[in-house]
2 protein chains.
Amino acid sequence: MHSKSYGVGMESFTIDDAARETGCSKHTLRYYEREGLLAPVAKAANGHRRYSEDDVGRIRFLQLLRATGMPIREMKEFVALTHAGDHTIADRVAVLAHYREALLARMAADREHLQRLEHKLDYYRGALAAADAVPEDITGNVRA
Amino acid sequence: MHSKSYGVGMESFTIDDAARETGCSKHTLRYYEREGLLAPVAKAANGHRRYSEDDVGRIRFLQLLRATGMPIREMKEFVALTHAGDHTIADRVAVLAHYREALLARMAADREHLQRLEHKLDYYRGALAAADAVPEDITGNVRA
DNA sequence: GTAGGACTTCGAGTGCACTCGAAGTCAAGA
DNA sequence: TCTTGACTTCGAGTGCACTCGAAGTCCTAC
């Protein structure tokens, strides 16, 4: 899973490893770093990125934030809060609580959409069954 | 709610009515029509759009498709199927069933995201409680 | 008759989140 | 030595779904 080991217990991930591990593309990983969502990642002697376990964990957290619907712009602000120290924890809670609400609202909306979709499906399936029962012409012949 | 009535039981909606009724912007309503998602809407003598009840219903259905995650491109194909006649109903069912699955998958993912988010919130709230319990310096003074 | 306001068309612009490509560097293998 | 291939940076390009703005028309009220 990890590409190389640099000393006992000091595992690190190449960008390929990190991409495979997180499901982000390599492009996206560099993009996140460029945008400051991820602190500059350690580099090997040849200049290649070496992601730590913690880096991978942070990437996964970023993915969670995205998945809750948080835009990149606000993720930057959130990351800034985490860098600013423990006195920003209340602020962070406020932000996460906000996205928790938004997520709950989306989930409720999705449930309704699912219902409406299934209703439509039922309607179509009913039409399909009716078409099956009654031949499409009046000759009484079954279809080819 | 409706702007005008043109004969008994023949209600119609101005674009403003339709926008208010569906939550789409007027821009979006014209855009959908331009893209062929909506058949050309009737026009009053002055060239202004007059949406029928059916039009509004179709718009709501389009919104449902969008909400299930269907891109505009595929919505066009779906609309084309509905215009092609009843023999496309099986195809339409296949499409809707596909988006039903996708929606279910998203809902499951969202449930997991919600859990992870709440876990993080719990963590932060714990840190907050701990910080409240222990003064931020070692003088033993309570904070201002 | 003319000013205001809401509509029309149409093409262009926006915001978002990637996604890509060119040009360069570096290390390993034939 | 030379090719291969994976990485690097950086700016530019993409795709999506709107969203806007300019220019024109038409009706109403003053």
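Atoms considered below: every heavy atom in the structure, side chains included; atoms not considered: hydrogens, waters and symmetry mates. The structure displayed is predicted, hence computed values, not measured ones.
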What residues 95-107 of chain B contributes to the DNA chain D interface at heavy-atom separation below 4.0 Å is none
Pairs under 3.5 angstrom, nitrogen or oxygen only, protein versus nucleotides 13-19 of chain D, please.
unit_1	atom_1	unit_2	atom_2	d
D/dA17	OP1	B/R66	NH1	3.3
D/dA17	OP1	B/I72	N	3.3
D/dA17	OP2	B/I72	N	3.2
D/dC18	OP2	B/Y32	OH	2.9
D/dC18	OP2	B/R66	NE	3.1

Table please: side-chain donor-acceptor pairs of residues 23-35 of chain B below 3.5 Å, with sequence neighbours left out.
unit_1	atom_1	unit_2	atom_2	d
B/S25	OG	B/H27	N	3.4
B/S25	OG	B/T28	N	2.9
B/S25	OG	B/T28	OG1	2.9
B/E33	OE1	B/R49	NE	2.7
B/E33	OE2	B/V41	N	3.1
B/E35	OE1	B/K76	NZ	2.6

Residues at least two apart in sequence or cross-chain that pass side-chain contact (heavy atoms from CB on, under 4.5 Å) with A/D122, listed by chain then number, are none
Is it the case that atom CG in A/D86 sees more than 12 heavy atoms from other parts of the structure closer than 6.0 Å?
no
CD1 of B/I15 to CZ of B/R50, rounded to nearest 0.5 Å, is 10.5 Å
Sorted by chain and number, sequence neighbours left out, side-chain hydrogen bond (donor to acceptor under 3.5 Å, both in side chains) with B/T88 holds for B/R92
Problem set entry | Verdict with supporting geometry, A/L65 and A/L96, side-chain contact (heavy atoms from CB on, under 4.5 Å) | CA-CA 9 Å; A/L65 294 184; A/L96 295 191; 3.8 Å; yes
Under 3.5 Å, which donor-acceptor pairs link side chains of residues 111-121 of chain B to any protein atom two or more places apart or in another chain?
unit_1	atom_1	unit_2	atom_2	d
B/H113	ND1	B/A109	O	3.1
B/E118	OE2	A/R100	NE	2.5
B/E118	OE2	A/R100	NH2	2.9

Residues 45-72 of chain A vs ring pair (Phe, Tyr, Trp, His ring centres under 6.0 Å), sequence neighbours excluded, gives A/F61-A/F78
In terms of heavy-atom contacts, A/L38 and A/D55 come closest through CD1-O, 4.3 Å
The bend of the helix from C/dG1-D/dC30 to C/dA30-D/dT1, taken between the axes of its five terminal pairs at each end and rounded to 10°, is 20°
Legend entry - Donor-acceptor pair, side chain of B/R60 and main chain of B/E21, under 3.5 angstrom: yes
Protein-proximity profile, nucleotides 1-9 of chain D, B/S/- by nucleotide at the 4.0 Å heavy-atom cutoff, equals ------SBB
Contacts of A/R106 meeting side-chain contact (heavy atoms from CB on, under 4.5 Å) (sequence neighbours excluded), chain-then-number -> A/L103, B/D110
The complete set of side chain to side chain donor-acceptor pair (under 3.5 Å) pairs with one or both residues in residues 61-74 of chain A, sequence neighbours excluded, reads A/E74-A/Y99
